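Here the structure is a predicted model, which is why all the values come from computation and not from measurement. Labels below follow one simple rule: chain letters A, B, ... track the order of the sequence lines, proteins then strands, and each chain is numbered from 1.
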Number of protein chains: 2
Amino acid sequence: MFNAIAEPQRREILVLLRSGERPVTELAQELGMTQPGASKHLRVLREVGLVRDRKVGKQRLYGLDARGLRPVHEWAGGFERFWNESFDRLDAYVRNLEQARNEGAAE
Amino acid sequence: MFNAIAEPQRREILVLLRSGERPVTELAQELGMTQPGASKHLRVLREVGLVRDRKVGKQRLYGLDARGLRPVHEWAGGFERFWNESFDRLDAYVRNLEQARNEGAAE
DNA sequence: TTGACGCATGCCGATATCGGCATATGATGA
DNA sequence: TCATCATATGCCGATATCGGCATGCGTCAA
């Protein structure tokens, strides 16, 4: 999952799909990539469940299934307190924790 | 940034550093990896600014600087409405968008 | 200065990734 | 059935990644 969204083009695909399903060729065109390139990225996204596809005639429409991004959001959110404090205060905070850790028992 | 946190071990390092600064060897020990392995991952995290280091005697303490995770959090949050709806409703929503997109002008 | 410690770096081999190209597959329509 | 369109897959070369190992470099203590 984290790996799937590590690729800039795949993130662009997901952003594009927020405004609706699209066939592969259209995605490739909008992102300035080849059709096989788009298909490969879509495959990765499909394998982690971030997109789903349904066949419509000759085409295959890809749509967003962003549920897998929720864990990502929550994981990053677990660090929210660290970026909300000013960096100086954070530094002091970290030092305090370090001190407490060294004085306490093994973690 | 997204690439840096795509690695499970690097994510574990960040989680560990939430509770305080740590020297390299201790991180390596806690994560069951070799010291060079830990150093390499820390280097990647340092290059994207997710950790900072300060020298204390012979040791080098690594601390968290999670500010770079804020864009990640916000990017994933941009998909929140998609995972908050039930998947059936999401599907209808997506179909509506697709319909509107096809009826409208070129995007 | 020497030795020991903590850490970083370089090298290696194995594996994965990515883009581009050609081509296979599947569905449609004549 | 045959041609065509839309898409997927296979192959290739270039590049990146990762783990493990050895070793270099800086720091401290004696």
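A salt bridge links A/Glu21 with A/Arg54: the closest approach of a Lys/Arg side-chain nitrogen to an acidic carboxylate oxygen falls below 4.0 angstrom. With respect to the salt-bridge test (charged N to carboxylate O, under 4.0 angstrom), the residues B/Glu7 and B/Arg11 do not qualify.
In this structure, B/Trp83 has its ring center under 6.0 Å from that of A/His73.
Rounding to whole angstrom units, CD1 of residue B/Ile5 and C1' of D/dT17 are separated by 17 Å. As rounded to whole Å, 11 Å separates atom C1' of D/dT27 from atom CZ of B/Arg60. Counting to the nearest Å, the P atom of D/dA16 and the CD atom of B/Glu47 are 13 Å from each other. Between the P atom of D/dC18 and the CD atom of B/Glu12 lies a distance of 14 Å, rounded to the nearest Å. Between the CZ atom of A/Arg11 and the C1' atom of C/dC18 there is a distance of 15 Å, given to the nearest Å. A/Lys58 places its NZ atom 7 Å from the C1' atom of D/dA6, with the value rounded to the nearest Å. Rounded to an integer number of Å, the gap from A/Leu27 CG to D/dA8 C1' is 15 Å. Per the geometry, NZ belonging to A/Lys40 stands 9 Å off P belonging to C/dG20, to the nearest Å.
Look at B/His41 and you won't find any side-chain N or O under 4.0 angstrom from OP1 or OP2 of D/dT17. OP1 and OP2 of D/dA6 both lie 4.0 Å or more from every side-chain N or O belonging to A/Tyr62. OP1 or OP2 of D/dT17 has not a single side-chain nitrogen or oxygen of A/Asn3 nearer than 4.0 Å. In this model, the phosphate group of D/dT7 is not approached by any side-chain N or O of A/Arg43 to a distance below 4.0 Å at OP1 or OP2. Contact annotation: A/Thr25 side-chain N/O to D/dT7 OP1/OP2 distance is under 4.0 Å. At least one side-chain nitrogen or oxygen of B/Arg10 sits closer than 4.0 Å to the OP1 or OP2 atom of D/dC18. An OP1 or OP2 oxygen of C/dA27 is reached within less than 4.0 angstrom by a side-chain nitrogen or oxygen of A/Lys55. The shortest distance between the side-chain N/O atoms of B/Gln59 and the OP1/OP2 oxygens of D/dC28 is not below 4.0 Å.
If you check distances only, the side chain of A/Gln35 does reach the base of D/dA8 with a donor-acceptor pair under 3.5 Å.
The structure places CZ of A/Arg60 at 4.5 Å from CG of A/Asp53, a figure rounded to the nearest 0.5 Å.
If A/Val56 and A/Thr34 are placed on DNA chain C by their nearest nucleotide, the residue sitting closer to the 5' end is A/Thr34.
Using a distance-only test at 3.5 Å, with no hydrogens or angles considered, a donor-acceptor pair links the side chain of B/Arg22 to the main chain of B/Gly20.
Note on B/Gly57: only backbone sugar-phosphate atoms sit closer than 4.0 angstrom, heavy atoms only; bases stay farther off.
Distance from the side chain of B/Pro36 is smallest for D/dC21 among the nucleotides D/dT7, D/dC21, C/dC7.
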